[in-house]
Amino acid sequence: MSTATNGTSPRSASLLERARTVTPGGVNSPVRAFRAVGGTPRFMASASGPWLTDVDGRRYVDLICSWGPMILGHAHPAVLEAVKDAAAQGFSFGTPSENEVLLAEEIVARVEPVEQVRLVSSGTEATMSAIRLARGFTGRTLIVKFAGCYHGHVDSLLAAAGSGVATLALPDSAGVPADAAAGTIVLPYNDIAALEAVFAERGDEIAAVITEAAAGNMGVVPPAPGFTAAMRSLTRRHGALFISDEVMTGFRCSPAGWFGLEGPTADGAPDLFTFGKVMGGGFPAAAFGGRADIMARLAPEGPVYQAGTLSGNPVATAAGLATLRHCTDEVYAHLDVVAREIADAASAALSAESVPHRVQWAGSMFSIFFREGEVRNYADAGDQDTAAFGRFFHAMLEQCVHLPPSAFEAWFVGAGHDREALDTVLAALPAAARAAATPAPTT
Ligand SMILES: *Cc1c(COP(=O)(O)O)cnc(C)c1O
């Protein structure tokens, strides 16, 4: 097995060189830079079904799926058609349009506790707006979040975040004012006792608890039995709101996201939800929504301001609507089968090479931690062999399988992952497991 990590993509290397001159790190979102695994990120030229094609013409089975949105596969014909039709009618109106109503109706129909939604352009905007709304509704300031949960790059939510923050081992972000972070209490995920303690002490100051419905940004860590119920009952008892961030899990874990799998607790459902990724079908569309009495506090109905020039963009909403309409029961069943097959084969290959690992699930969403034993929180997730993952990652890449370039991310599959794509993944796994088992020689 070659230890070369980048020698095979000359055009990507040269584009990265140019990109670095005009863009910090050469990328527009940090994890794309491959810092966690080393080597040169591949610049993609096109994508179709389960395949990505880079600027050197190399094909890869895509296990990132744009971090979730490409649930139907790349350039799905029906979505492409909807996008072309919408674009032909004009790109942005700056007025209300029918697609916005249709997409909102689709979301409200799928996620039972969501009575109203407001469309925005990114998951970050969705969580930022949900937090502002929760503070405006309750008249309180404090937000409780969990270490390792990523809610976009909102100032107040960047404390102990997962995703790129975990990948880069940044404790926090510079540029976040102390005041913004001071309004945030960070607790360990899945720790009911810590949550009870904080509510006992400051319950009447807490505006909201925000959580990933099932964590995916520290790798996949589902809520432990009773954790969601504890968040719901404590927030209700103390007059705080419960915000479930389903930007990653929404319309992926099930037709109604993680909520569709777990359902309401004895004390009811979350008050507010945030969505993104799948609901945009690869275009910038996201949303937050929930109880109508809370949503009524938003401008122009109420005093909490929130707006967006491109919110509800007609092309983005057409893509999102076509994507959700084609996310049928058969699609969800296919995701289950494909994810199981990949995870089982990866686990078998790693076991054959005695590489410690642990597979965790949230519906069909999964990730593989390079450690033994259950991962219940961010501290557990951090305690893994990221160097072994890096070797595994590059061996897969050399064999034309593109994993997420970080040990702290979920692996994503889509309806486009067919037999050929699966066979490519299965064929690559034994050598990748061997690479993971073999530490690089120190020179
Ligand atoms: C991706 C993600 C976000 C941020 O969404 P962007 O569209 O990248 O701003 C927020 N929350 C969760 C759970 C996510 O996975």
Side-chain angles (χ1 to χ4, degrees), residues 27-32 64-71 111 117-132 134 143 145-168 173 184 186 189 208-223 228 231 242-253 257-259 262 270 272-289 306 308 310-313 316-317 319-320 323 362-363 365-367 378 381 404-406 408-412:
V27 294
N28 287 306
S29 201
V31 175
R32 297 180 196 168
I64 305 179
C65 293
S66 191
W67 306 94
M70 306 322 301
I71 191 166
V111 190
V117 292
R118 167 75 42 97
L119 301 181
V120 294
S121 300
S122 72
T124 296
E125 259 187 279
T127 60
M128 179 185 78
S129 306
I131 292 292
R132 183 182 307 137
I143 300 294
K145 82 172 284 281
F146 301 99
C149 284
Y150 178 68
H151 303 291
H153 58 98
V154 181
D155 273 359
S156 60
L157 298 176
L158 267 181
S163 191
V165 182
T167 303
L168 301 171
S173 172
T184 308
V186 183
Y189 190 67
V209 171
I210 184 168
T211 185
E212 283 188 58
N217 284 290
M218 53 177 140
V220 174
V221 185
T228 307
M231 289 186 281
F242 177 22
I243 305 171
S244 182
D245 181 352
E246 293 236 31
V247 170
M248 184 181 283
T249 51
F251 319 113
R252 172 163 284 277
C253 289
W258 179 258
F259 180 80
E262 196 174 29
L272 292 174
F273 291 78
T274 54
F275 305 108
K277 298 197 167 96
V278 168
M279 66 155 284
F283 283 76
F288 64 102
Q306 190 281 329
L310 296 180
S311 292
N313 174 270
T317 47
T323 296
M365 219 172 82
F366 73 100
S367 69
Y378 198 29
S406 163
F408 298 95
E409 303 285 357
W411 301 19
F412 293 99

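Note that ligands are numbered from 1 as they come in the structure, with each ligand's atoms numbered from 1 the same way.
- Between Phe146 and Tyr189, the ring planes lie perpendicular to each other; the angle is over 60°, past the 30° to 60° tilted range.
- The side-chain hydrogen bond (donor to acceptor under 3.5 Å, both in side chains) test applied to Thr228 returns Glu262, not counting sequence neighbours.
- A donor atom on one side chain and an acceptor atom on the other are found under 3.5 Å apart for Thr274 and Asp245.
- A donor-acceptor contact shorter than 3.5 Å is absent between the side chain of Ser66 and the backbone of Gly68.
- Partners of Phe259 by ring pair (Phe, Tyr, Trp, His ring centres under 6.0 Å), not counting sequence neighbours, listed by chain and number: Phe273.
- In terms of the side-chain hydrogen bond (donor to acceptor under 3.5 Å, both in side chains) criterion, Ser244 has no residue partners (sequence neighbours excluded).
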Does ligand 1 have any N/O atom under 3.5 Å from a protein N/O, and what are those pairs and their distances?
residue	atom	partner	partner atom	Å
ligand 1	5 (O)	Gly123	N	3.4
ligand 1	7 (O)	Gly123	N	2.8
ligand 1	9 (O)	Gly123	N	3.4
ligand 1	9 (O)	Thr124	N	2.8
ligand 1	9 (O)	Thr124	OG1	2.6
ligand 1	11 (N)	Tyr150	O	3.3
ligand 1	11 (N)	Asp245	OD1	3.4
ligand 1	11 (N)	Asp245	OD2	2.7
ligand 1	15 (O)	Asn217	ND2	3.0
ligand 1	15 (O)	Lys277	NZ	2.7

